[in-house]
Amino acid sequence: MRSKSRAILPLLLLGLVTPIPATAVARSISWSGYSWDVRPAGVGGPGANLWSDSAASVHTEGSDLVLSIVKDASGCWTSAEVDSDRHLGYGTYRWIVASDLSALDAGEVLGLFTYGGSAPSNNEIDIEASHWGNPAWPSGSVTVWQDAAAGRSRSTSFKYSNRPPYVNQFTWEPGKVTFRVTDAAGAVLLDRVVTRGVPTPSTEVPVINYWRYGKALPQGERSMRISSFTWIPPGGDVTPPVVGGLAVSSAWERADGASGEGEPAPGCVRVGLSPRRFSAAHGATIRWMATATASLRMRIERRVGGRRYIGVRALHKTVRKGEGRMRIGGRRLRRGSYRLVVVARTGSHSRRSTLPFTVRGR
C-alpha cells in the first residue's frame, strides 16, 4: 500500500508507506482427524474482509468446528478461515454442516472447497452457501474454476432445505467432478456432474471459510457449525451417509441482541502502535489494516497532569485498502506519558481510538 500524499513533520520520520511483511505464524487446530491452519489476522480476499485468528473466530466444541463472524477489540467485524495442511488430490471431499443453510442472510458466505494449485484455475472446486447479496437468489452453488483471472468457470445453483444437517460433497476424478448435496431427510438437493475444464491435482488443500459478501453489515455476531470433514480415497464408498436432523434453528447463532442499527460501516480500519514504551532514540511504529480506502487523522498528545493532555503534533493521512506502517521518531519528544488519538474515517462513518504510550529517557 502506498500513501496518496506525504506530510513532513519534525516529530514523525515518515518514508513511503509499505506493506507489513507476512511474518505472522498461523495458529493450528486439530479437528476431524486433520490439522488445520487458521488464517492469520489481516486484510484480503475474498471480498473486503478483515480476517481474525482469535479463539472467538475459530474454535472447536466437542467434535464440531465453529467459525464465527465477530467484532475484534477495535470494533471491526472479522471473518474466519481454516486450511488443511494436507494435499489430498483425487477422491471424495465431504463436509457435514449442522447449521441451517436455508436461513442465510444476504451477505454471509460459507465456503467448502479445494484451493492452492497453479493458475489459471488454482485448483479451486467449490461448494458455497450464499445468496451473494440478493436474498431472492438460491442459497447454494457449486463451481469448478477454469480460469480465475478471466472469471471462467462451470457453476450451478441450488436451494438448501430447512432440514440440517447437510452432507456436502464432491468426487474429483480425472476429467470429472461429481457434486452431491443431501439434507437430514435424505433428500437430494443437488446432483451435478462437470466434465469440462476439470483441473488435475497439484498442491491444493481443503479449505473452509466464513465471510461477508458486499457491504451489508451482519445483524450481530454469528457462528457456523461444521460437524465433520472426510476425505475418501478414489474407489471408496461415496454414498452420502444418513445424518438425521439436528435442532439448529439458524445458520446464525446469535451471541448478542444487537439489531445492527448504528453499527460502523463495512469499511473498517484497525490501528496499532508498537512498542508502547520506547526510548527517544529508537521510536515506535504505527501499523494499520484497512478493508477500504480510509482517512486517518492522528494526534499525539502529552499528559501534563491528571487527565489533562496537550496536543504536540497532528497528521492527516489517506491510506488504501491493505496493510501499512509508519515510524514515530522520538527524538523531539520529552520523557513522559503520551497518547496517540486516531480518528479513522471510511465513507461517512468514523471511529475514534486512543493508544497510550510512554517515552523513556535517553
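Around CZ of R276, the count of heavy atoms belonging to other residues, nucleotides or ligands within 6.0 Å exceeds 12. In this structure, R303 places its CZ atom where only 12 or fewer heavy-atom neighbours from other residues, nucleotides or ligands lie under 6.0 Å away. Counting non-hydrogen atoms of other residues, nucleotides and ligands closer than 6.0 Å to CZ of R297 gives a total of 12 or fewer.
Counting heavy atoms from C-beta on, the side chains of C76 and K71 never come closer than 4.5 Å. S153 has its side chain out of reach of Q146: every pair of non-hydrogen atoms, C-beta onward, lies at least 4.5 Å apart. Using a 4.5 Å heavy-atom threshold, the side chains of R302 and S337 count as separate. At least one side-chain heavy atom of V243 sits under 4.5 Å from a side-chain heavy atom of V167. V269 places a side-chain heavy atom less than 4.5 Å from the side chain of T346. Annotation: side chain of V142 is not in contact with side chain of E128 (no heavy-atom distance under 4.5 Å). Counting only heavy atoms from C-beta outward, the side chains of R212 and N49 approach each other to under 4.5 Å. Using a 4.5 Å heavy-atom cutoff, the side chains of F170 and V144 are not in contact.
In plain terms, the two heavy atoms of G244 and P165 that are nearest each other are O-CD, 2.7 Å. The shortest heavy-atom contact between P199 and S121 is CB-OG, 3.7 Å. The shortest non-hydrogen separation linking W51 to V43 is CD1-C, 4.4 Å. For the pair H316 and S295, the tightest heavy-atom approach, listed with the atom from each and the gap, is NE2-OG, 2.9 Å. Across every non-hydrogen atom of R351 and S74, the tightest pair is CD-O, 3.3 Å. When every heavy atom of Y213 is checked against every heavy atom of V109, the shortest pair comes out as CB-CG2, 3.8 Å.
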Show, in sequence, the C-alpha distance, side-chain angles and deciding distance for T285 and R327, and conclude whether the side chain to side chain donor-acceptor pair (under 3.5 Å) test is met. CA-CA 4 Å; T285 300; R327 291 288 294 173; 2.7 Å; yes
side-chain contact (heavy atoms from CB on, under 4.5 Å) between V194 and T178, worked out: CA-CA 6 Å; V194 176; T178 303; over 6 Å; no
Stepwise, does the side-chain contact (heavy atoms from CB on, under 4.5 Å) test hold for M326 with M298? CA-CA 12 Å; M326 66 176 66; M298 294 175 282; 4.0 Å; yes
T156 and R192: CA distance, side-chain angles, deciding distance, side chain to side chain donor-acceptor pair (under 3.5 Å) verdict: CA-CA 8 Å; T156 300; R192 167 71 168 164; 2.9 Å; yes
Please determine whether side-chain contact (heavy atoms from CB on, under 4.5 Å) holds for the pair W77 and L50, giving the CA-CA distance in whole Å, both sets of side-chain angles, and the decisive distance to 0.1 Å. CA-CA 7 Å; W77 288 106; L50 182 66; over 6 Å; no
Given side chain to side chain donor-acceptor pair (under 3.5 Å), test S52 with D72 step by step and report yes or no. CA-CA 8 Å; S52 170; D72 64 9; over 6 Å; no
Would you sort out whether E108 and Y210 count as a side chain to side chain donor-acceptor pair (under 3.5 Å), showing the intermediate values? CA-CA 7 Å; E108 62 181 307; Y210 186 36; 3.0 Å; yes
For the pair L104 and Y160, evaluate side-chain contact (heavy atoms from CB on, under 4.5 Å) and give the outcome as yes or no after the intermediate values. CA-CA 10 Å; L104 305 172; Y160 278 102; 5.5 Å; no
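Not a single donor-acceptor pair under 3.5 Å links the side chain of S68 to the backbone N or O of V70. Judged by distance alone, with hydrogens and angles left aside, the side-chain atoms of D100 form a donor-acceptor pair with the main-chain N or O of S102 at under 3.5 Å. Under the 3.5 Å distance criterion, the side-chain polar atoms of H87 are left unmatched by any main-chain donor or acceptor of V205. Although no hydrogens or angles enter the test, the distance criterion places a donor-acceptor pair under 3.5 Å between the side chain of N123 and the main chain of T200. Not a single donor-acceptor pair under 3.5 Å links the side chain of W31 to the backbone N or O of T60. Although no hydrogens or angles enter the test, the distance criterion places a donor-acceptor pair under 3.5 Å between the side chain of T203 and the main chain of G116. No side-chain donor-acceptor contact under 3.5 Å links S35 to the backbone of D85. Although no hydrogens or angles enter the test, the distance criterion places a donor-acceptor pair under 3.5 Å between the side chain of H59 and the main chain of A55.
The CG atom of D64 sits 8.5 Å away from atom CD1 of I226, with the distance rounded to the nearest 0.5 Å. Within the model, atoms OG of S118 and CD of E204 stand 9.5 Å from one another, a figure rounded to the nearest 0.5 Å. Interatomic distance, OG of S130 versus CH2 of W132, reported as 4.5 Å (0.5 Å rounding). From D126, atom CG reaches atom CG of L112 across 9.0 Å, with rounding to the nearest 0.5 Å. For the atom pair S353 OG and L273 CG, the distance stands at 10.5 Å (nearest 0.5 Å). Separating the CG atom in L296 from the CZ atom in R345 is a distance of 12.0 Å, to the nearest 0.5 Å.
L333 and V341 are not part of a single hydrophobic cluster, where members link through side-chain heavy atoms under 4.5 Å apart. Linking ILVMFWY residues whenever their side-chain heavy atoms come closer than 4.5 Å, directly or via other members, leaves V97 and I232 in distinct clusters. V177 and F113 end up in different hydrophobic clusters when Ile, Leu, Val, Met, Phe, Trp and Tyr side chains are linked at under 4.5 Å. Linking Ile, Leu, Val, Met, Phe, Trp and Tyr residues whenever their side-chain heavy atoms come within less than 4.5 Å places I127 and L110 in a single cluster. W172 and V193 fall into different hydrophobic clusters, defined by Ile, Leu, Val, Met, Phe, Trp and Tyr side-chain heavy atoms under 4.5 Å apart, directly or through other members.
Listed by chain and number, the residues in a salt bridge (charged side-chain N to carboxylate O under 4.0 Å, His left out) with R299 are E301 (sequence neighbours excluded). Legend: residues meeting side chain to side chain contact (heavy atoms under 4.5 Å, CB included) with D183, ordered by chain and number and at least two apart, are S161, R163, Y166, A185, A187, L189.
In summary, the side chains of W145 and N122 do not present any donor paired with an acceptor at a separation below 3.5 Å, with no hydrogens or angles considered. Remark: the R320 side chain and the T293 side chain contain no N/O donor-acceptor pair separated by less than 3.5 Å.
Taking the six-membered ring for Trp and thresholds of 30 and 60 degrees, W95 and Y93 have nearly parallel ring planes, at less than 30 degrees apart.
Residue E81 is tested with V207, D53, D37, V58 for a side chain to side chain contact (heavy atoms under 4.5 Å, CB included); the sole match is V207. The side-chain hydrogen bond (donor to acceptor under 3.5 Å, both in side chains) test with T92 singles out one residue from D237, T171, T230, and that residue is T171.
Using a 4.0 Å cut-off between a side-chain N of Lys or Arg and a carboxylate O of Asp or Glu, D191 and R180 qualify as a salt bridge.
Geometric assessment of R339 against the ring of Y309 yields a positive cation-pi assignment under the 6.0 Å and 45° thresholds.
A ring-centre distance under 6.0 Å is found for F229 and W36.
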